[in-house]
Protein chains: 2
Amino acid sequence: MPYRRTENVVRHLAEREEAILAAATTIAAEGGMGAVQIVAVAARAGIAAGTLYRYFPSKSDLIAELVTAVAGRELSAMAAAGDAAPGPLSALAACIATFSARALAERRLAWAVLGEPVDAQVDAMRLDFRQSLAAELEARIKTAIEGRHLPDLDAGVAAPAIVGALMEGLLGPLAASPSDDAGARAAVQTATLLALRALGVVDARARGLVAQCVLP
Amino acid sequence: MPYRRTENVVRHLAEREEAILAAATTIAAEGGMGAVQIVAVAARAGIAAGTLYRYFPSKSDLIAELVTAVAGRELSAMAAAGDAAPGPLSALAACIATFSARALAERRLAWAVLGEPVDAQVDAMRLDFRQSLAAELEARIKTAIEGRHLPDLDAGVAAPAIVGALMEGLLGPLAASPSDDAGARAAVQTATLLALRALGVVDARARGLVAQCVLP
DNA sequence: TTGCAGCGTGAATCATCGTTCACTCGTTCG
DNA sequence: CGAACGAGTGAACGATGATTCACGCTGCAA
């Protein structure tokens with residue numbers, strides 16, 4: 001029974017899978033989803049195209065893991081920021097600001113994973129991410145409504161709308177890319193302010209809700 | 001000098017070009033941009049693939065004309081609705097509500113032309129459309145700010161954000177599709193309300209701003 | 001040291017589509 | 001009524017990119 005899974009072998013395999021995923025992520029962050037091609041990823045990871053298929057059964061699976069990883073990281077950060085906030089409204093504000101700030105910090109990657117045009121097969125996975133983002137917001141919006149912190153409104157429309165607004169207002173090709181850190185911060189604050197006001201918070205800025213955010 | 005452009009010939013050519021464009025639009029409205037393929041469009045128009053190239057130099061040009069046609073129609077409707085309104089705020093409300101209502105009425109086509117993932121070459125044209133939408137809104141937002149109808153805010157972020165919010169909140173795959181006319185109207189009103197509040201209008205509903213819209 | 005499991009390889013293959021082109025045939029003009 | 005023009009055709013081509021596979025090589029096991 002030769003070639004048992006030694007420590008060494010296992011580690012090597014895991015490292016290589018990690019390297020492939022990292023290569024794919026880097027390429028996505030540099031050139032968008034369109035640039036994530038098997039040969040390119042393999043080359044970046046220092047292996048041949050065929051080798052990649054020893055680790056991922058198909059390109060779709062590779063992309064799925066990539067999206068899942070990024071989404072998981074972002075969703076946790078967002079949830080953590082929300083949970084750390086003192087009340088429903090500041091939780092919402094923290095979620096929105098955190099998501100915005102982190103997305104803006106890795107703008108290209110965020111856009112690749114969230115909104116950039118790709119083929120349909122790949123798109124299905126990103127849908128989950130947007131769905132989860134919207135779900136997280138929707139839950140917090142509903143909580144705030146129940147606690148009378150927000151006026152009654154259709155959270156099912158509002159949550160996706162906020163996701164879309166942040167995507168298009170901060171990440172998409174229409175958005176002006178902030179040149180420096182201060183500009184980015186200002187954009188995040190503007191976006192947060194817009195989102196909170198949309199939900200019916202009239203004096204978000206005065207309450208100091210827009211300043212919160214957790215950076216990567 | 002044979003084969004001069006007779007009335008008949010000219011009309012025939014124009015009709016055929018129109019038919020091709022109509023076929024492409026229908027296919028886009030049914031199956032999204034991905035389904036707009038040369039052979040499929042040609043078949044739907046009742047001609048051969050090669051014939052299509054007598055009318056459009058490339059697929060990109062075909063898509064460009066398709067997007068331009070739809071965009072022009074929608075932008076005019078939006079501008080008209082805005083111009084007919086009595087003041088800057090109701091103009092904004094009318095623009096947003098009109099766009100939303102018309103987009104929702106042809107949801108699949110609107111999404112295909114505005115947001116649906118496709119390849120990069122095609123995407124450039126849709127960018128113009130989103131750009132124009134944002135520009136129209138931005139101008140009206142600035143007017144309203146100058147007239148002190150809105151608080152000071154960064155219109156360059158707000159306008160794309162609203163476009164994104166409407167796209168994602170009403171058209172995108174996350175949005176629940178309204179089953180009936182009343183549901184659609186409610187969704188449009190919710191979206192309009194959110195957008196106006198985001199801009200700083202605190203009592204949009206009370207002022208009756210959200211009821212306006214011009215249907216197709 | 002030797003045998004062999006299984007990783008690594010990368011050229012070949014397959015699939016998808018946009019685009020072309022040599023040819024047919026209906027229409028127009030003299 | 002022909003001759004010529006040019007619309008129409010659709011199979012073939014080309015480009016791109018994912019996926020496969022037969023073979024070489026590495027490094028565990030005995």
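What you see is a predicted model, and the numbers here were worked out from it, not measured in a lab. Here is how names work: the chains are called A, B, and so on, in the same order as the sequence lines, proteins then strands, and each is numbered from 1.
- Between B/Gln37 atom CD and C/dG18 atom P the separation is 5 Å, expressed in whole Å.
- Among the nucleotides D/dA18, C/dG18, C/dT9, the one closest to the side chain of A/Ile47 is C/dT9.
- Rounded to whole Å, atom C1' of D/dG17 lies 13 Å from atom CD1 of A/Ile63.
- In this model, the phosphate group of D/dA7 is not approached by any side-chain N or O of B/Thr51 to a distance below 4.0 Å at OP1 or OP2.
- Scanning both residues, A/Leu127 and B/Pro173, for their nearest heavy atoms gives CD1-CG, 3.2 Å.
- Listed pair A/Tyr55 / C/dG8 meets the phosphate criterion, a side-chain N or O lying under 4.0 Å from OP1 or OP2.
- Within 4.0 Å (heavy atoms only), B/Phe56 reaches no atom of the nucleic acid at all.
- Residues B/Leu62 and B/Leu21 approach most closely at CD1-CD1, 3.6 Å, considering heavy atoms.
- Here the side chain of B/His12 is nearest to one of D/dG8, D/dT9, D/dT20, namely D/dG8.
- Across all non-hydrogen atoms, the minimal contact from A/Gly169 to A/Ala175 is O-CB, 3.1 Å.
- Distance CZ (A/Arg16) to C1' (C/dC7): 9 Å, rounded to an integer number of Å.
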Exercise for the section: Starting from the C-alpha separation in whole Å, work towards a yes-or-no answer on side-chain contact (heavy atoms from CB on, under 4.5 Å) for A/Ile20 and A/Glu65. Expected result: CA-CA 11 Å; A/Ile20 294 172; A/Glu65 286 216 23; over 6 Å; no
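- On a pure distance criterion of 3.5 Å, a polar donor-acceptor pair joins the side chain of A/Arg54 and the base of C/dG8.
- To the nearest angstrom, P of C/dC7 lies 12 Å from CD1 of A/Ile20.
- Rounded to whole Å, atom P of C/dC17 lies 16 Å from atom CG of B/Leu62.
- In this structure, OH of A/Tyr53 is placed 5 Å from C1' of D/dT19, rounded to the nearest angstrom.
- Between the CG atom of A/Asp61 and the P atom of D/dA18 there is a distance of 14 Å, given to the nearest Å.
- The side chain of A/Lys59 has D/dT19 as its nearest neighbour among D/dT19, C/dG18, D/dA7.
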Practice task
With side-chain contact (heavy atoms from CB on, under 4.5 Å) as the test, would you mind laying out the steps for B/Glu74 and B/Leu133 before giving the verdict?
Solution key: CA-CA 9 Å; B/Glu74 297 308 312; B/Leu133 282 175; 5.8 Å; no
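- Spacing between atom CG of B/Leu52 and atom P of C/dG18 amounts to 10 Å, rounded to whole angstrom units.
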